[in-house]
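Excluded from the calculations below are hydrogen atoms, water molecules and symmetry mates; all remaining heavy atoms, backbone and side chain alike, are included.
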Amino acid sequence: MRNGLFILFFLLPFFSNGQVWPFEMWHDGKIILESGDTLKGQIKYDLQQDIVQFLLREDKAEVYTARKVLHFEIFDETAHRYRDFYTLPYNATVGYKTPVFFELLVQGKMTLLSREALEYRTYSSAFYMGSYTRQVLVDYFFFLQEDGEVVAFKGNKNDLLSLMGKKSNDVEKYIKVNRLKFDEKYDLAKIVAYYNSLF
């Protein structure tokens with residue numbers, strides 16, 4: 001019985017639906033509207049819908065789309081850091097650009113942006129016969145080019161290093177020494193920031 005309870009306790013996080021995601025929470029922050037007005041207070045964002053909410057009072061919030069917002073920033077308690085988001089035109093469908101929220105991770109010679117989305121992923125488990133599916137928050141990465149074009153990055157570590165040209169050997173050493181993972185949001189931000197520091 002005790003072993004059964006231990007296994008249940010160990011597996012509970014894999015099956016729990018009680019996860020609270022950063023975009024479901026209210027955060028201290030500010031919104032800069034296209035009109036030039038600035039709103040400071042409690043903010044909730046949704047990158048999948050490209051909307052941001054501003055809490056007017058306990059039971060009422062104003063909703064703004066990416067078309068009305070230039071920039072917003074929050075202090076994310078879950079990540080213990082400030083996060084900046086900008087509205088940029090993006091080719092969501094071929095030939096048609098629409099305003100979209102991007103989180104700015106690193107600005108410089110190489111400017112790194114991200115967007116997050118909830119997805120169901122399937123995992124195999126040594127403790128559970130077969131596999132299980134759970135909902136996870138996934139980050140997608142983009143680069144802002146000098147001409148203002150936002151380009152999705154769907155490559156691997158070698159693709160990233162090839163973008164860094166002659167600096168790739170230095171960056172690769174930095175990744176190894178610091179044990180960074182190119183597919184983890186804040187690790188990738190450190191890698192790109194280091195690359196920018198070489199200029």
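- Of the possible donor and acceptor atoms, one in the side chain of N196 sits under 3.5 Å from a partner among the backbone N and O of M110.
- A salt bridge does not link K157 to D159: none of the charged side-chain nitrogens sits closer than 4.0 Å to a carboxylate oxygen.
- In this structure the side chain of E116 never reaches within 4.5 angstrom of the side chain of Q48, judged on heavy atoms.
- Separating the OG1 atom in T111 from the CG atom in L144 is a distance of 5.5 Å, to the nearest 0.5 Å.
- Taking the ring axis of F72 as reference, the NZ or CZ atom of R83 does not stay both within 45° of it and closer than 6.0 Å to the ring centre.
- Around CD of E24, the count of heavy atoms belonging to other residues, nucleotides or ligands within 6.0 Å exceeds 12.
- Separation of the F142 and F102 ring centroids falls under the 6.0 Å cut-off.
- Side-chain contact between L113 and L88 is present, with heavy atoms from C-beta onward closer than 4.5 Å.
- Relative ring orientation between Y195 and F199 is described as perpendicular, the plane-to-plane angle rising above 60° on a 0-90° scale split at 30° and 60°.
- Here the side chain of H27 pairs no donor or acceptor atom with the backbone of G41 at under 3.5 angstrom.
- Here the side chains of R81 and Y186 are in contact, with some heavy-atom distance below 4.5 Å.
- The nearest pair of heavy atoms linking L161 to S168 is O-CB, 3.3 Å.
- Ring centroid separation for the pair H71 and Y86 comes in under the 6.0 Å cut-off.
- In this structure, CE on M25 lies 10.0 Å from CD on Q42, to the nearest 0.5 angstrom.
- The distance from atom NZ of K44 to atom CD1 of I51, rounded to the nearest 0.5 Å, is 9.5 Å.
- How far NZ of K190 is from CG of N178: 7.5 Å, rounded to the nearest 0.5 Å.
- A side-chain donor-acceptor contact under 3.5 Å links T87 to the backbone of V69.
- Formation of a donor-acceptor pair under 3.5 Å by the D187 side chain with backbone atoms of E184 is not found in this model.
- Looking at R134 and V136, their side chains come closer than 4.5 Å, going by heavy atoms from C-beta outward.
- Judged purely by atom type and a 3.5 angstrom limit, Q49 has no side-chain atom pairing as donor or acceptor with the backbone of D46.
- Between the D50 side chain and the A66 main chain, no donor and acceptor come within less than 3.5 Å of each other.
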